[in-house]
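All remarks here apply to the structure that follows.
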Amino acid sequence: MTIGHSNVVEDVEAPAARTEPARLTPEEAAALARGAGLEELGVRPGLLGYAREVWSYRHLVWHLSSAQAWATNQNNYLGQLWAVLNPLLLVGSYYLIFGLLLKTRGGTSNYIAFLTIGIFVFGYSASAIIAGSRAVVGQIGLVRALRFPRAVLPISVTLTQFLVNVPAFAVLMVMIPLTGEPFSPHWLLFPVALVFQSLINLGLAFFLARVVNAARDSANLVPVGVRLARYVSGVFFSIPHYAGHGLLSAVLLYQPLAVSMTTAREALMDQYPLTWGSWVAAAAWGVALSVTGIVFFWRGEGRYGSS
Amino acid sequence: MEAADVADTTSPSVVCSGLDIVYTVFGAKQKGTDTGGELPLVERLLTKRNPVSSVRKVHAVKDVSFVVNHGEAVGIIGRNGSGKSTLLRAVAGLMPPTNGRVWASGRPSLLGVNAVLLTGLTGAKNVMIGGLALGLTPRQVRERYDDIVDFSGIGDFVNLPMSAYSSGMGARLRFAISTAAAPDILMIDEALATGDAEFQARSRDRIAEIRRDASTVFLVSHSNAAIRESCDRVLWMEQGRLVMDGPTDEVVRAYEQSHRKATA
């Protein structure tokens, strides 16, 4: 358009007296862009179009997650071994405090299995929530350099945390029979419980990633919230045994993080028979949170990384 | 657009109309990380301090309009804090316009000062992730992998985490990744300044190649020599406004004269 001509918009310091081609009006610019088949930037796509765009980046999600998961334990000598050692050490210290000193084993027949499942399952949610809240602000280098649907980030962070926790789940499957639990076909439901839990984590990651991007300060509250949840979600004590069967107990028992542990225990422990209530609740939480989460996240698209 | 055979080089690839960008900066401590060295002057000139919180509004780009065609190489010059980088990020679709509209063809690729994508990961993983984010398939990335690594000239370092790279090596790898995807619009924000002379020469050749494929190139640089070598058109930004838009020689000369006036 303007090659060969000079277009002086404002002659603050530039030499005056230049040929000045008429500036395009917004309507002319829009018509020109349409005629050339250009795409408008900074405009949020429709929800369906967005979902399709995210799907087209699934390879990016996978490579980003697997690379990050592998890098998690690379910066020390024992490397990937820590993925197994960390949860084992945690089980040891929790057993010491809650099993031997405080004796919160009430209502459980196999406390070590109960505690181990609680720690490993909750540990996955805790790390996914904390990492998920920083999904956008923590990868600002990527956000500032490349254009892709930002929903890729919370999804990949959740998947990363799942992959990081796979060794812990493997340890869990070895420990459960060692604690004296009899083999059961119900164990096959454990991966299903993990799928529901992952959907719950993903939904929370969508919500928190947008909130933290908009208000950085809130990132400081996430670890506090997770710690609080660790103490009320029944990681190391049985909720019905200590909270009774009233409304409070039901709320504590059916909040998403507690329900993830209940389904895992029902799948793996003889003491807890499968109940429809917890599995339906887990599935409902998973679907509801991840669907509302992506809608919430999508509504902020275009503002990620802009401050 | 009149004749089909010249349509490729005379049709617009970027249309920018009345672009305004106002963004929020949090606290004094975070500002340095936000747009590198560009902020302090902008802030002094353009922001109102909010006495209650440390959140400030920066009006970085004011009513900028231009049209760029396929195959053009456009330099953007101006003092620190004149809004060059912000303008580039808006045209790359990384920052939403506050007012006005921007249209572009295809997927723009921006090379910033901070070239590293994921510091903790190896160069090889960065090649894969960068390529996928630019819209390549995993297979296409694998096919081009050797070319990318060869061009970057970083050798065995490709299997080390990027945190071990020098800034020049990071820039080389990023440049190689960004140009491997044959972007419709390539934007380079001071990213070549950290490379050595040999790499700068090679990247100039690569930029020329990209332009021959009818892609558009934007180059932000404080080196007028680099602008003269690579660009045939220059936009001069001053305090967020587009002051002058024209052939390289004319604009760069006017820009240099304004320096002399300022220092005399």
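These numbers come from the heavy atoms of this one structure, side chains and all, not from hydrogens, waters or symmetry mates.
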Comparing P138(B), S17(B), G100(B) against chain A, the one with the most heavy-atom pairs below 4.5 Å turns out to be P138(B)
Hey, could you give me the CG/CG distance between L94(B) and L41(A), rounded to the nearest 0.5 Å?
-> 9.0 Å
With only heavy atoms counted, which part of A104(B) is less than 4.5 Å from chain A, the side chain, the backbone, both or neither?
-> both
Do you know the tightest heavy-atom contact between G120(B) and A71(A)?
-> O-CB, 4.3 Å
More than 12 heavy atoms of other residues, nucleotides or ligands under 6.0 Å from CZ of R299(A): is that the case?
-> no
Please look at V91(B) and chain A and tell me whether the side chain, the backbone, both or neither of the residue comes under 4.5 angstrom of a heavy atom of that chain.
-> backbone
So, the part of T137(B) with a heavy atom under 4.5 Å from chain A: the answer is neither
Closest heavy-atom pair and its distance - I129(B), L60(A) = O-CD1, 3.5 Å
Heavy-atom contact with chain B under 4.5 Å, split by part of R150(A) = side chain
For Y57(A) and L132(B) the tightest heavy-atom approach is CE2-O, 3.8 Å
Nearest heavy-atom contact between V14(B) and L38(A) is N-CD1, 4.1 Å
Looking only at A92(B), G131(B), C16(B), G18(B), most heavy-atom pairs under 4.5 Å shared with chain A are made by A92(B)
Where is the tightest heavy-atom contact between R147(A) and G93(B), given as atom of each residue plus distance?
-> CD-O, 3.3 Å
Separation between OG1 of T119(B) and CD of Q139(A), rounded to the nearest 0.5 Å | 10.0 Å
Most contact-rich option vs chain B, by heavy-atom pairs under 4.5 angstrom, among A30(A), G37(A), S56(A), P26(A), is A30(A)
Between E40(A), E39(A), R44(A), which shows the greatest number of heavy-atom pairs under 4.5 Å with chain B?
-> E40(A)
Quick one: what part of E28(A) sits under 4.5 Å from any heavy atom of chain B, side chain, backbone, both or neither?
-> neither
Looking only at heavy atoms, which two atoms of A67(A) and L121(B) are closest? And how far apart?
-> O-CD2, 3.4 Å
